[in-house]
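Below is one structure, written out as structure tokens; the observations come after it.
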Amino acid sequence: MAGAGIAVLFAVMLPAYRTPAALGPAASPAVFSAFRARAILKDLVGDDLPHPIGSAGNAKVRERIVARLTALGYTTELQTGLVCNDFGVCGTPTNIVATYGADAIEHAVLLAAHYDSVAAGPGASDDGAGVANLLEIARILRVMPARRHPIVLLVTDGEEAGLLGAQLFTREHRLAGRVWAAVNMEARGVSGPSLMFETGTANAWLMKRYAAAVLTPITNSLFYVVYKTLPNNTDFTIFKQASYQGFNFAFIGDVGHYHTPRDSFEQTSAGTIQHQGDNALSAVLALADSEEVRPPAQDSVFFDVLARGVIVWPTALILPASLAAWMLLMAEALILCRRGQLQARQAAYGVAGLLVNLLVGGLLSFAVLALLRVLGRLPPMDAPSWIAHPQAMHIGFAALALVSMGAVAVWFTDRAGFWGFWFGGSLGLALLSIASAIAIPGASYVLLIAVFAAALAPLPWMRRLAEGRTPSPGALEFIALAPGLIMLAVLLPLLLLMYSALGALAWPISTMVLCLTGCFLLPLLANATQEARQFIMLLGGAVTFAGICVTLLLPTYSAAWPQRVNVEYWVDADRGAAHWWMQAASQRVPEAMADAVPFEPFLRARFAGYPARGFFADAHALKLAAPELTQISATPGTSPAAVHFELLLKSARDAPTAFVVFPASANVQDVLVATPSGPLRPKLHRFLNGDTVLLIAGLAGTGIRFGIDAAAAPILATVFDESYGLPGALPQGKALQQARPQNATSSQDGDVTVVQRTVRLDPAAGR
Ligand SMILES: [Zn+2]
């Protein structure tokens, strides 16, 4: 029965969460067509060239975008300027801002995507697809009647370097203060449905507009809770800081390609582009047609139903509703006690069963995770760790919940019985629902729905008994099965996406969540035979064991889902020495690469204080020009114990990235970067050892001038500049790149060349 219910659930839900069919070239001009968007995308990034901030490829992509916007009749404008973010990164992005017709723009809605890519790949999905969607929507807006409020198109630069373009727009652009809402299109993968995972602060108001406007909504307030645990940020973070309302969309399927050369046009998904385009168009129109432009900041809890509609609850309702469900449960328990169906002892054992179930599920799942890690089948868990063939463990970790539930049923059935388990599970969920209403309201809808289902399910049965009639034979099964399946239905959209979002950490979480859902399977098991309970436990164990075996037999990485491996060539200009540094997700040197260059067998930090670790090997030292940090002046600082240094940072070999590390002892408090629109005060990023770092992305040939306030003593600063790729003059570098196996790929900045030197800053030397 339970198995059949779960099968039906999957059969209904899986198709509902697929991406919609892509519309072709013949689609009406007034609708979004993925075919047309992909044709634009091919023109933008079909050459597969990376185009990070400041690169030649970046300028080319920008020209192509401007040409298309101009051809559509938009007035386009390039906005360039120096800007710094809150993580100690400065740069000079060039945004594209496009408007149509309106002279006096007021209450504008922003439609945004970023055109820069990481250095390792062409960024066809991240965020080329967003830009192509924006251009297809720009075309549609021209054939539609004008909206109540103007729509401003913003194509940002330097998002990958640290949301620089979005900062530049909100900080300096004349239209920034005339925008009240933004719709952002992003990607952390190359396929899958478009998820709406973040809104502005007027959440309750926004979600009502959203529910009415979007045809295939896939969204819930738990997405944002999960997103906040990830190290990722998007331009929407900056839009929110600027108090814009609005929506943030992204897709996360095939995340193995994200930020690698495989994020290419070939890998883009038409269905994904259609879904994201449809969503963004509907959302931007809903905002542009809105009468209200100052909606009240108010939170809501929301979730979609089979991607067909959205249910929105005010957050204030959650706690009273949770308390009401809890009281209903307690009343039912009292009635059951009076009728002699439930004894206090059974109820207590039911609660204990739930706790043991969660404990056993948690212990087993983390033990299996540790086993896979020890056997070398899982990358370290400090970064999202994905493997090429995770399907067997998706099933294996789900089956662990059966082991745990089977064991609890075997141990506790005699003492808890059907009603003891039902009460224990329901009460546990009710208490969790109350806790979540207070601590994590975004997650509360799952628990609240489950608790209400659990509390309502026995009512018909109790009524029949009260009327003196005999309940139908399936009535008891219904009491357990209905809330279990309803809870699983609410969780399934999340469970299906969790591995993409969190990597292997999703597995133990899924096991625990299924154990919690399984508290409704326990009453059914209580009514089964002891053999059936043992069978469930053994079945779960066998499936998990099979999953582990399959995972051990299959390779951890594949060409379609490669390991991330970057090679860096480092020159220390002070010592005239050089070394290779290789970072591999598996924390092992691929064999062929070890043959090419003898790497040390242990991991070392990239440089002192830096968090990432990799393998070192000696390298031939090329004479590469070292970066320059010139002390222009040293004057008294703001406090008597401080000195203000004016400094000029330049890359003598035109490297696009440079960074300066100040030792903790320098106690650098304040950084000042002068710009035409006033001084910037970037917050410095601090390493664990206390050193602070300032990073410049897309460094101009003339360098960057900045001032620091530091302790009044000589400072030994370390300056680095970083260029993409390895020097052609090094045969070893070529050999390493050729030895990078088929199942490995560069990612993020890719292979780079770094030159470092130390510079002595002296308070006595400046006038
Ligand atoms: Zn992106």
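Order of listing sets the numbers, starting from 1, for every ligand and every atom in it.
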* Asked: Would F607 and F720 count as a close aromatic pair, with their ring centres under 6.0 Å?
  ->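 That pair passes the under 6.0 Å test.
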* Using side-chain contact (heavy atoms from CB on, under 4.5 Å) as the criterion, point out the one residue from D48, V190, V118, D127 that pairs with D263. =>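 In the set D48, V190, V118, D127, the residue that makes a side-chain contact (heavy atoms from CB on, under 4.5 Å) with D263 is V190.
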* Side-chain donor-acceptor pair present, Y17, D304, cut-off under 3.5 Å ->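 Per modelled atom types, Y17 and D304 side chains form a pair under 3.5 Å.
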* So, D751 versus Q737: side-chain donor-acceptor pair below 3.5 Å or not? -> yes
* **From N203, T201, T199, residue fulfilling side-chain hydrogen bond (donor to acceptor under 3.5 Å, both in side chains) relative to Q245** => T201
* Taking only Lys NZ, Arg NE, NH1 and NH2, and the carboxylate oxygens of Asp or Glu, determine whether E63 and K60 approach each other closer than 4.0 Å. => no
* May I ask you to list the protein N, O or S atoms found at less than 2.8 Å from the Zn ion (ligand 1)? => H114 NE2, D126 OD1, E186 OE1, E186 OE2
